[in-house]
Trainee: 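Here's a structure for you.
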Amino acid sequence: MASLTVTGVRPWGGDLADIVLDGDRISDVRPAGSAPVEGEQIDGAGLLALPGFVNSHAHVDKSWWGKPWVSYGGVASTEGRIAHERAERDKLGIPSVEVAETVLREFLRHGTTAARSHVDVDLGLGLRGIEIVREAAQRLGGAVEVEIVAFPQDGVLRRPGVLKLLDEAAAAGAGWIGGLDPAGIDRDPVGQLDGLFEIAERRGVGLDIHLHDGGELGAFQYELIADRTVRTGLQGKVTVSHGFALGEVPPARQAALLDRITEAGISLATVAPVRTAPLPWTELSAREVPVGLGTDGIRDLWSPYGDGDVLQIALGFARLHGLRTDEDLVAAVELATRRAGSFVGRGRHDLAPGCRADVVLVAAENVPDALMRVPVRSLVIAGGRVVVRDGELLV
């Protein structure tokens, strides 16, 4: 018996339909009014229906969201931001369960029902940040499902003991371990990657590597990552986040890298930052390379920007890549929804029977209109629970 039916909505802008939920799963999507409604009913009023948004690259442990304003400071470089964060985070009580929970609530308000979050693991914090994020997610009853990446923000080899912490995090249930600019930060790309892949292969976890290094230096590290992915049999379990170099190298070099990435089954995650080279989106799409969109950090010690809305990131992706046609604009929204299931451990994520009961309603004519206007999420259902109604957060 259905526990909840959302009636008269337009899935992906199509014909009016009723979405039938049974517990935390979608059990049926049928033409509106074609069968009697059982259980609780919500009138969808003809609104556009989308799956829950997926944040494929977040840092929910770092934010000061909900706290008094913190002025931007420190040296504006990767090394400078790391140093500034380490110097200031304890004064702000970062990380904390309360702030991580506040960030996850903001995700829900914007319709995000699943996230892959990098969580700092270092010699000062140990694994405490992971415990904090898990507790914050538990406080919300799993409304936002969080995949955790144990992330070595302060480097790996240059901080002896961090590899051991990453191994401990994987042993304790983190589904992913991270890396950071193997050349630019550790100055030893072979050593960092060998250490990370050894843990990932032995523990059976995924790898998600921040790669900011650009141009040929970044391209070289793409090759090292691809080679190790194939060698260890981790195809489909390795992500390169940011990966600016792919958009910066000459066409012939780019094509060769795309071949290596495709062969290795590597996915890419991007926050579509302004003033960066666009990824070769057409080629990536043709090769069916998974691409996920994420918010990165929001209002943290790295940047005062961000509000946790992945639909805004999809709009930024469309702008950065010069997308104009309806087909391409729909694809941008798909990157933040149904194409992103693999980033959060879901084989399928859509408005379809068997999928998790994550439904988002917005007042928009169609999907491109929703992308252009980024309207308020009128209704959000997460795992079968109504968490936003009439734009108001209920959890």
Trainee: Check whether any side-chain heavy atom of V103 sits under 4.5 Å from a side-chain heavy atom of S63, and report yes or no.
Mentor: yes
Trainee: So, R89 and D61, do they make that salt bridge, N to O below 4.0 Å?
Mentor: no
Trainee: When rounded to the nearest 0.5 angstrom, what distance separates CZ in R228 from CG in L196?
Mentor: 10.5 Å
Trainee: Is L320 close to V274 at the side-chain level, that is, under 4.5 Å between some pair of heavy atoms?
Mentor: no
Trainee: Would you say N366's side chain and G13's backbone share a donor-acceptor pair under 3.5 angstrom?
Mentor: no
Trainee: With the side chain counted from C-beta on, respond yes when D208 and E147 share a heavy-atom pair under 4.5 Å apart, and no when they do not.
Mentor: no
Trainee: Measure from the ring center of F151 to the ring center of H210 and say whether it is less than 6.0 Å.
Mentor: yes
Trainee: Kindly say whether A136 contributes a backbone atom to a donor-acceptor pair with the side chain of E101 at under 3.5 angstrom?
Mentor: no
Trainee: Do L335 and F317 have side chains that approach each other closer than 4.5 Å (heavy atoms only, starting at C-beta)?
Mentor: yes
Trainee: For the residue pair T262 and R287, what are the closest heavy atoms and their distance?
Mentor: OG1-CD, 3.5 Å
Trainee: Heavy atoms, side chains only, cut-off 4.5 Å: are R338 and R348 in contact?
Mentor: no
Trainee: Between R356 (side chain only) and G52 (backbone N and O only), is there a donor and an acceptor less than 3.5 Å apart?
Mentor: no
Trainee: When you compare the side chains of H59 and D300, does any donor N or O come within less than 3.5 Å of an acceptor on the partner?
Mentor: no
Trainee: Any chance you could measure E40, atom CD, to T5, atom OG1, to the nearest 0.5 Å?
Mentor: 9.0 Å
Trainee: Counting only heavy atoms from other residues, nucleotides and ligands, does the tally under 6.0 Å from CZ of R187 exceed 12?
Mentor: no
Trainee: How close do V388 and L108 get, heavy atom to heavy atom, and via which atoms?
Mentor: CG2-O, 3.7 Å
Trainee: Between D227 and R260 (salt bridge meaning N to carboxylate O under 4.0 Å), is one present in this structure?
Mentor: yes
Trainee: If you draw a 6.0 Å radius around OH in Y72, do more than 12 non-hydrogen atoms from other residues or ligands fall strictly inside?
Mentor: yes
Trainee: Does D167 come within less than 4.0 Å of R203, counting only side-chain N to carboxylate O?
Mentor: yes
Trainee: Give the C-alpha distance, both sets of side-chain angles, the deciding distance and a yes or no for salt bridge (Lys or Arg N to Asp or Glu O under 4.0 Å) between R324 and D328.
Mentor: CA-CA 7 Å; R324 293 287 188 274; D328 283 345; over 6 Å; no
Trainee: So, does N55 use its side chain to make a donor-acceptor pair with the main chain of A114 at under 3.5 Å?
Mentor: no
Trainee: What verdict does the side-chain contact (heavy atoms from CB on, under 4.5 Å) test give for V144 and R105, after you've listed the backbone C-alpha separation in whole Å, the side-chain angles of each residue and the deciding distance to 0.1 Å?
Mentor: CA-CA 8 Å; V144 184; R105 287 180 186 276; over 6 Å; no
Trainee: My understanding is that a hydrophobic cluster links ILVMFWY residues whose side chain heavy atoms are under 4.5 Å apart, including indirect links. Using that, what else belongs to the cluster containing V70?
Mentor: W64, W69, L92, I94, L301
Trainee: Please answer: with hydrophobic residues joined when any side-chain heavy atoms are less than 4.5 Å apart, are L393 and L50 in the same cluster?
Mentor: yes
Trainee: Do the side chains of R116 and T239 get nearer than 4.5 Å, heavy atoms only?
Mentor: yes
Trainee: Indicate the atoms forming the closest heavy-atom contact of I132 with A100, along with that distance.
Mentor: CG2-CB, 4.4 Å
Trainee: Please report the interatomic distance CZ(R377) to CG(L379), rounded to the nearest 0.5 Å.
Mentor: 12.5 Å
Trainee: What verdict does the salt bridge (Lys or Arg N to Asp or Glu O under 4.0 Å) test give for D307 and R299, after you've listed the backbone C-alpha separation in whole Å, the side-chain angles of each residue and the deciding distance to 0.1 Å?
Mentor: CA-CA 8 Å; D307 64 359; R299 284 199 185 177; over 6 Å; no
Trainee: Which heavy atom in T7 sits nearest to a heavy atom in D43, and how many Å separate them?
Mentor: OG1-CA, 3.5 Å
Trainee: How about I313 and L293: do any of their side-chain heavy atoms sit closer than 4.5 Å?
Mentor: yes
Trainee: Any idea which heavy atoms bring G292 and F343 closest together, and the distance?
Mentor: N-CZ, 3.2 Å
Trainee: Give a yes or no answer on whether the side chain of H212 reaches the backbone of G243 with a donor-acceptor pair at less than 3.5 Å.
Mentor: no
Trainee: Hey, are D350 and W12 close enough side-chain-wise for a donor-acceptor pair under 3.5 Å?
Mentor: yes
Trainee: Do L224 and L234 sit in one hydrophobic cluster, given that two such residues count as connected whenever their side-chain heavy atoms are within less than 4.5 Å of each other, even indirectly?
Mentor: yes
Trainee: Taking the basic N atoms (NZ, or NE/NH1/NH2) and the acidic carboxylate oxygens, is any pair closer than 4.0 Å for E88 and K91?
Mentor: yes
Trainee: Please say yes or no: joined through hydrophobic side-chain contacts below 4.5 Å, possibly via intermediate residues, are V230 and I225 part of one cluster?
Mentor: no
Trainee: Is there a path of hydrophobic side-chain contacts, each under 4.5 Å between heavy atoms, that joins F53 and W65?
Mentor: yes
Trainee: List the atom of G161, the atom of L123, and the distance in Å for their closest heavy-atom pair.
Mentor: C-CD2, 4.0 Å
Trainee: Are R253 and E216 ion-paired here, with the side-chain N under 4.0 Å from a carboxylate O?
Mentor: yes
Trainee: After noting the C-alpha distance and the side-chain angles of V367 and L48, does the key distance pass the side-chain contact (heavy atoms from CB on, under 4.5 Å) rule?
Mentor: CA-CA 8 Å; V367 176; L48 175 72; 4.2 Å; yes
Trainee: Are V190 and L166 grouped together when hydrophobic residues (ILVMFWY) are joined by side-chain heavy atoms under 4.5 angstrom apart?
Mentor: yes
Trainee: Could you grab the distance from atom OG1 of T78 to atom CD of Q153, nearest 0.5 Å is fine?
Mentor: 8.5 Å
Trainee: Salt bridge or not for R134 and E131, using N-O below 4.0 Å?
Mentor: no
Trainee: Closer than 3.5 angstrom, by distance alone: can the side chain of E145 be matched with the main-chain N or O of A115 as a donor-acceptor pair?
Mentor: no
Trainee: Any non-hydrogen side-chain atom of D22 less than 4.5 Å from a side-chain atom of L4?
Mentor: no
Trainee: Kindly compute the distance separating CG (D181) from CD (Q192), expressed to the nearest 0.5 Å.
Mentor: 8.0 Å
Trainee: Any donor and acceptor pair, going by atom type alone, linking the side chain of R158 with main-chain N or O of D154 inside 3.5 Å?
Mentor: yes
Trainee: Checking T113 side chain against D358 main chain: does a donor-acceptor pair fall under 3.5 Å?
Mentor: no
Trainee: From I177 CD1 over to I199 CD1, what is the distance, rounded to the nearest 0.5 angstrom?
Mentor: 4.5 Å
Trainee: Under a 3.5 Å distance rule, please check whether S3 uses its side chain to pair with a backbone N or O of G23 as donor and acceptor.
Mentor: yes
Trainee: Could you go through R139 and E98, starting from their C-alpha distance and side-chain angles, then the distance that decides it, and tell me whether this counts as salt bridge (Lys or Arg N to Asp or Glu O under 4.0 Å)?
Mentor: CA-CA 10 Å; R139 286 188 179 186; E98 290 70 26; 3.7 Å; yes
Trainee: With salt bridge (Lys or Arg N to Asp or Glu O under 4.0 Å) as the criterion, how do D120 and K62 come out once you've worked through the C-alpha distance, each side chain's angles and the decisive distance to 0.1 Å?
Mentor: CA-CA 8 Å; D120 282 11; K62 291 177 176 291; 2.9 Å; yes
Trainee: Run the side-chain contact (heavy atoms from CB on, under 4.5 Å) check on V291 and R339 step by step: do they pass?
Mentor: CA-CA 8 Å; V291 176; R339 292 198 195 186; over 6 Å; no
Trainee: Under 3.5 Å, is there a donor-acceptor pair between the side chain of D369 and the main chain of E365?
Mentor: yes
Trainee: With a cutoff of under 4.5 Å between side-chain heavy atoms, which Ile, Leu, Val, Met, Phe, Trp and Tyr residues group with W176?
Mentor: V149
Trainee: Go through the steps to decide whether H118 and S241 satisfy the test side-chain contact (heavy atoms from CB on, under 4.5 Å), and finish with yes or no.
Mentor: CA-CA 11 Å; H118 299 257; S241 289; 4.2 Å; yes
